[in-house]
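We name chains A, B, ... by the order of the sequence lines, and we start the count at 1 in each one.
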Amino acid sequence: MTTVRIPAGWPATDDQARAVQDELRGKVVLDETGPPPGTGHVTGVDVAYDDERDVVAAAAVVLDAATLDVVAEATAIGRISFPYVPGLLAFREIPTVLAALDALPCDPGLVVCDGYGLAHPRRFGLASHLGVLTGLPTIGVAKNPFTFTYDEPDTPRGSATPLHAATASGTEEVGRALRTRAGVKPVFVSVGHRVSLDNACAHTLALTPAYRVPESTRRADALCRRALREAAG
DNA sequence: GCGACAG
DNA sequence: ATCTTGTCGC
């Protein structure tokens with residue numbers, strides 16, 4: 001476990017945070033396919049909070065993409081760096097997540113985030129932000145549709161429909177509602193950095209042989225909760 | 001102006 | 001995210 005400080009110059013207001021997103025958005029790489037599913041490493045990252053005690057715990061769990069076995073894991077503890085504001089989630093999670101990733105003894109490979117990438121009010125969600133800061137290929141797999149709309153995918157696992165964002169001129173496809181378990185609420189996949197949407201969905205399916213949510217984020221979720229307990233609660 | 005809104 | 005008991009089911 002490592003301890004982190006809030007970076008100097010970290011945004012203090014919503015306006016400052018939005019300005020950072022507008023500035024970094026141009027650095028997102030969208031013309032790469034990303035690593036093939038089932039090869040190399042896939043890393044899940046997640047964060048747990050104790051707002052009362054001002055503690056945040058992050059975890060990064062590296063899986064072998066072929067077997068989904070845990071290869072390595074790391075945690076980090078920090079102070080809460082930003083309140084939860086829809087559209088500004090990254091500023092609350094990133095400092096501690098970066099520290100957890102840095103503490104890993106091996107290459108993370110593809111990073112799977114618990115949230116959105118391109119599917120974001122300014123097209124720069126947590127997965128995009130983390131990708132730009134690390135240079136790693138990233139995708140976002142969220143459990144809720146946020147402000148976006150979608151048609152219900154067909155019942156079978158693997159079925160998908162477009163995730164739409166409302167724009168001034170109409171609608172824009174920002175991701176996909178993907179059924180990872182037959183007849184169960186879909187997850188919402190979007191591109192982060194250096195990965196195509198098709199590949200992001202293929203990875204998500206490879207990571208969900210048994211549960212709706214990717215094995216990577218399930219592992220990271222359990223680990224960061226444990227780290228938070230041991231650090232605070 | 002009011003409500004909704006990833007985690 | 002987090003607060004929280006039991007309960008139905010494999």
Side-chain angles (χ1 to χ4, degrees), chain A residues 11 14 17-18 20-21 24-25 28 44-61 75-98 100 111-132 138-150 163-167 172-178 180-193 197 200 204 209-214 216-233:
Chain A
D14 294 8
R18 288 189 202 94
V20 170
Q21 292 180 328
L24 294 181
R25 182 176 45 205
V28 175
V45 293
D46 196 17
V47 176
Y49 308 91
D50 185 333
D51 288 86
E52 283 295 294
R53 307 188 186 195
D54 186 29
V55 181
V56 49
V61 179
T75 60
I77 297 294
R79 297 299 195 188
I80 292 178
S81 54
F82 211 83
Y84 172 66
V85 179
L88 301 179
L89 176 64
F91 296 93
R92 185 166 167 78
E93 309 216 325
I94 276 187
T96 318
V97 166
L98 283 178
V111 177
V112 180
C113 297
D114 191 6
Y116 281 116
L118 239 196
H120 178 272
R122 287 167 294 286
R123 305 296 178 266
F124 194 72
L126 170 63
S128 316
H129 202 145
L130 190 61
V132 165
T138 62
I139 67 173
V141 180
K143 298 182 288 297
N144 293 293
F146 200 15
T147 61
F148 308 110
T149 59
Y150 66 100
L163 186 64
H164 287 132
T167 64
E172 180 180 334
E173 182 171 350
V174 293
R176 213 166 275 169
L178 177 65
T180 55
R181 302 294 296 162
V184 174
K185 176 179 176 176
V187 294
F188 305 91
V189 180
S190 63
V191 162
H193 185 59
L197 182 55
T204 301
Y211 298 93
R212 176 174 88 108
V213 170
S216 44
T217 80
R218 296 185 71 249
R219 289 308 231 296
D221 178 79
L223 183 55
C224 70
R225 288 188 196 221
R226 194 206 313 163
L228 183 64
R229 284 203 313 268
E230 294 169 0

Quick check for you: among [options], whose closest atom lies nearest to any side-chain atom of [X]?
{"X": "A:Leu228", "options": "C:dA1, B:dA6, C:dT2", "result": "C:dT2"}
{"X": "A:Arg225", "options": "C:dA1, B:dA6, B:dG7", "result": "C:dA1"}
{"X": "A:Glu93", "options": "B:dA6, C:dT2, B:dG7", "result": "B:dG7"}
{"X": "A:Thr147", "options": "B:dA6, C:dT2, B:dC5", "result": "B:dC5"}

Distance (rounded to the nearest 0.5 Å) between A:Arg53 CZ and A:Leu228 CG: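 That separation rounds to 9.0 Å.
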
Atom pair OG1/CD1 of A:Thr96 and A:Ile77 - distance to nearest 0.5 Å: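 Here the interatomic distance stands at 8.0 Å.
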
Integer-rounded Å distance: [N] [atom2] and [X] [atom1]:
{"X": "A:Arg229", "N": "C:dT2", "atom1": "CZ", "atom2": "P", "answer": "11 Å"}
{"X": "A:Tyr49", "N": "C:dT2", "atom1": "OH", "atom2": "C1'", "answer": "12 Å"}
{"X": "A:Asp14", "N": "B:dC5", "atom1": "CG", "atom2": "C1'", "answer": "13 Å"}
{"X": "A:Leu126", "N": "B:dC5", "atom1": "CG", "atom2": "C1'", "answer": "16 Å"}
{"X": "A:Phe146", "N": "C:dA1", "atom1": "CZ", "atom2": "P", "answer": "15 Å"}
{"X": "A:Asp46", "N": "B:dG7", "atom1": "CG", "atom2": "C1'", "answer": "8 Å"}
{"X": "A:Ile94", "N": "B:dG7", "atom1": "CD1", "atom2": "P", "answer": "15 Å"}
{"X": "A:Leu88", "N": "B:dA4", "atom1": "CG", "atom2": "P", "answer": "19 Å"}

Side-chain touch A:Leu197/A:Glu173, heavy atoms, less than 4.5 angstrom: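 Sidechains of A:Glu173 and A:Leu197: in contact.
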
Check: A:Val56 and A:Glu93 side chains under 4.5 Å, non-hydrogen atoms: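 The answer is no, as the side chains (C-beta and beyond) never meet within the 4.5 Å cut-off.
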
What does [X] touch in the nucleic acid at a heavy-atom separation under 4.0 angstrom: a base, only the sugar-phosphate, or nothing?
{"X": "A:Ala48", "answer": "sugar-phosphate"}
{"X": "A:Asp50", "answer": "nothing"}
{"X": "A:Gly87", "answer": "base"}

Taking only the side-chain nitrogens and oxygens of [X], find out if one of them lies under 4.0 Å from OP1 or OP2 of [N].
{"X": "A:Lys143", "N": "B:dA6", "value": "no"}
{"X": "A:Tyr84", "N": "B:dA6", "value": "yes"}
{"X": "A:Asn144", "N": "B:dC5", "value": "no"}

A:Tyr84 and A:Tyr49 aromatic centres sub-6.0 Å: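 No; A:Tyr49 has its ring centre 6.0 Å or more from that of A:Tyr84.
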
